[in-house]
Amino acid sequence: MKEKLINIIKEAGNILKEGYYSNKDVNFKAKKDLVTKYDVGIENFLKEKFLNQFKDFNVIAEESDNSNIDFNNSIIVDPIDGTTNFVNQVPHTCISVGVYKNKKPFIGVVYNPILDELYTAQVGQGAYLNGKKIEVSKQNIFQKALISTGFPYSSGTCENDLNDVVQKIKYILPRCQDIRRLGSAALDLCYVAKGTYEGYYEMNLKAWDVSAGIIILNEAGGKVTSLSNNEYKLFEDKYIVASNNIIHNDLIENLNHKVIY
Ligand code: LIP
């Protein structure tokens, strides 16, 4: 199944690449949440191929109405993760596809056709970037850890979320090496998997943002949990916390630190 998936995703990558260098019709799902004809076009392309090739699976996808689809044997699709980057020609953008059997992780594929980076993993078989095995960083000192994060699409009215973002950055920034915000959760997880970042956290993500990245990171030796350090649950947890495993407890502790003003 993995090879077939990869071939289909690579074909879809050509559509993403064509769109990246073209004029796009940008629409707004919400005040800050963009969608283009390419998100919809890639999603339709992938859905048709997947439903045709993999009859035992349903497809849960970002731009679709998923209300009647049960998460079980599911292919979870983000046609363009990092849509704001895609629209603005920031090359941190990708197609993300996570395959789950009986709700359990099976195969993850994240493809950035702009930088030609193909991240793949199947449970029990390791994680790969363009066919080469990848592993998490061995850094064990939190002060030297490069941490990535993302900001929720919350509008100005979502005070609690925004305060939480600022508080966490204020506490963590002086205690780690530095913080990055590149705008694609799927790729951020892959960057922890290949050892570029030691850790990553974000709130309010959707299952399609992380379904593939968490499989790739786990297979590269990393760890993915909720903010309370329990196993991360797709569709349920507000926060995702990911790391090279070694600094995980430090990251959790720092994220949970209450700042009193
Ligand atoms: C985006 C993420 C990004 C995050 C945004 C959003 P989209 O996905 O990957 O990192 O900060 O909240 O969810 O909308 O571009 O597929």
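Just so you know, ligand 1 is whichever comes first in the structure, and atom 1 is the first atom listed for that ligand.
- Using a 4.0 Å cut-off between charged nitrogen and carboxylate oxygen, Glu117 and Lys194 count as a salt-bridge pair.
- Within 4.0 Å of ligand 1, protein heavy atoms belong to Glu62, Asp78, Ile80, Asp81, Gly82, Thr83, Phe151, Tyr153, Arg181, Gly183, Ser184, Ala185, Glu202, Leu205, Asp209, listed by chain and number.
- With respect to Ser137, the side chain to side chain contact (heavy atoms under 4.5 Å, CB included) criterion is satisfied by exactly one of Ile246, Asn244, Ile247: Asn244.
- The two residues Ile6 and Leu118 come nearest to each other via the heavy atoms CG2-CD2, 3.8 Å.
- Within the 4.5 Å cutoff, no side-chain heavy atoms of Thr93 are placed close to those of Asp81.
- Atom CD of residue Glu43 and atom CD1 of residue Ile95 lie 11.0 Å apart, to the nearest 0.5 angstrom.
- Relative ring orientation between Phe57 and Phe54 is described as perpendicular, the plane-to-plane angle rising above 60° on a 0-90° scale split at 30° and 60°.
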